[in-house]
Amino acid sequence: MNNVTLHTLSALKQDGKKFAALTAYDACFAQLVSSAGIEVILVGDSLGMVLQGHDSTLPVTVDEMAYHTRCVASGNQGAMLMSDLPFMSYATPEQAMLNAGILMQAGAHIIKIEGGAWLAESITLLADRGVPVCAHLGLTPQAVNRLGGYRVQGRDETSARQMLDDAILLEQAGASMLLLECVPSQLAGEISRAVSIPVIGIGAGQQTDAQVLVLHDMLGITPGRKPRFVKDFMTEAGSIAGALQSYGDQVRAGTFPADEHGFA
Ligand code: KIV
């Protein structure tokens, strides 16, 4: 795969073509995921739950994110590498700049931060200094304590309107991408059409420009209850390489997610 850039992803959106993203946290899986042609690898702070066994992403540190970003960068074969700034590491624009610099120097091509309008100033500062930003809206797991659990967001008219307004504002502030998590499918479609930057969805239905899943979820190896938006591609495909290929193919063909994976 040629190196995937923001230009590649914008062109796909303009052409009405979908792209795929998956998390990875180490060099081995980074190589497998990128070799399967998945366009974006997310070094998600979900590693706090998936790898470290915590019950939330809150304990994850910038040093840990930098370590896993370096691991993924060394195995990556051309995918765009997105890394999460963890909880409280971007509470002020100055912290955002300092910590984004650490992740970019570890090998990230774009950083992801969770939140709405309050991020606008940080996004502008980062973008002006050459750091592309993906803004994560909807269910923002770092705010799980304020949200009162891992719940679908934007179900009522006021919060849906707020999310749409935030998406537009953050694009204007300089965001290069959006990620919508656990958002009603219709609202996610409306937001994807309202902005010109690519929108990645997870639990956000079929109408976003791209999809992301946590790697361990789509390989069917995460213990416990499977969230509604997850599909186990491993059982169907029978091998890791096959599961990765099938995930990418189904996202690009628009057959994953199906209606049953979304929220009305
Ligand atoms: O941390 C993560 O893996 C994420 C995805 C769930 C989108 O943010």
Side-chain angles (χ1 to χ4, degrees), residues 9 19-26 29-30 33 38-62 64-69 71-72 79-90 99-100 103 108 110-116 119 133-144 147 149-154 163 167 170 175-183 188 191-192 198-205 208-219 221-222 224-231 247 251 256-257 261-263:
L9 303 180
F19 63 89
L22 272 178
T23 68
Y25 315 105
D26 62 35
F29 272 109
V33 169
I38 303 298
E39 285 87 351
V40 178
I41 296 182
L42 169 63
V43 184
D45 61 355
S46 53
L47 67 85
M49 299 169 85
V50 176
L51 301 188
Q52 299 174 339
H54 298 299
D55 65 357
S56 79
T57 59
L58 273 62
V60 177
T61 66
V62 173
E64 288 165 349
M65 290 307 301
Y67 169 79
H68 287 282
T69 299
C71 293
V72 168
M80 169 168 284
L81 201 171
M82 181 187 293
S83 287
D84 271 341
L85 274 178
F87 179 63
M88 277 297 155
S89 68
Y90 52 98
N99 292 318
L103 295 191
I110 178 167
I111 61 118
K112 178 163 78 61
I113 48 184
E114 298 182 9
L119 291 176
V133 180
C134 174
H136 183 151
L137 295 165
L139 169 56
T140 47
Q142 292 172 15
V144 61
L147 298 175
Y150 296 100
R151 296 163 186 278
V152 180
Q153 302 295 308
M163 207 185 298
L170 296 182
S176 297
M177 246 188 267
L178 293 180
L179 187 145
L180 300 177
E181 178 166 356
C182 291
V183 170
I191 293 174
S192 304
V199 178
I200 305 176
I202 175 166
T208 54
D209 307 305
Q211 298 293 328
V212 65
L213 281 179
V214 168
L215 177 69
H216 295 58
D217 287 349
M218 60 78 75
L219 292 178
I221 54 174
T222 306
R225 196 177 64 85
K226 186 164 70 100
R228 179 187 172 88
F229 53 81
V230 169
K231 176 171 168 183
Y247 169 72
V251 168
F256 175 79
H261 303 115
F263 301 98

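These numbers come from a predicted model, not from an experiment. Both counts, for ligands and for their atoms, begin at 1 and track the order of listing.
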message: Can you tell me how the ring of His68 sits relative to the ring of Tyr25, calling it parallel under 30°, perpendicular over 60° and tilted otherwise?
response: perpendicular
query: Can you tell me if Ser192 and Asp209 form a side-chain donor-acceptor pair at under 3.5 Å?
result: no
message: So is His136 touching ligand 1 or not, going by heavy atoms under 4.0 Å?
response: yes
query: Between Ser46 and ligand 1, is there a nitrogen or oxygen pair with a distance under 3.5 Å?
result: yes
message: Within the 4.5 Å heavy-atom criterion, are Val43 and Met65 side-chain neighbours or not?
response: yes
- prompt: Any sub-3.5 Å donor-acceptor pair from His136's side-chain atoms to Leu179's backbone N or O?
  reply: no
Backbone or side-chain N or O of Asp45 under 3.5 Å from ligand 1 N or O: yes
- line: Going by the 4.0 angstrom heavy-atom rule, the piece of Thr23 near ligand 1 is side chain
- prompt: ligand 1 versus Asp84, non-hydrogen atoms closer than 4.0 Å: side chain, backbone, both, neither?
  reply: side chain
task: Mind checking whether Leu42 contacts ligand 1 via backbone (N, CA, C, O), side chain (CB onward), both or neither, at a 4.0 Å heavy-atom cut-off?
output: side chain
- request: Output the distance between atom CZ (Phe29) and atom OG1 (Thr23), rounded to the nearest 0.5 Å.
  value: 9.5 Å
task: Could you tell me whether the side chains of Thr69 and Ser83 share a donor-acceptor contact shorter than 3.5 Å?
output: yes
- request: Could you tell me the residue and atom name of the protein heavy atom closest to atom 8 (O) of ligand 1, and the distance to it rounded to 0.1 Å?
  value: Lys112 NZ, 2.8 Å
field: For Gly44, the ligand 1 atoms whose distance to one of its heavy atoms is below 4.0 Å
entry: 1 (O), 2 (C), 3 (O)
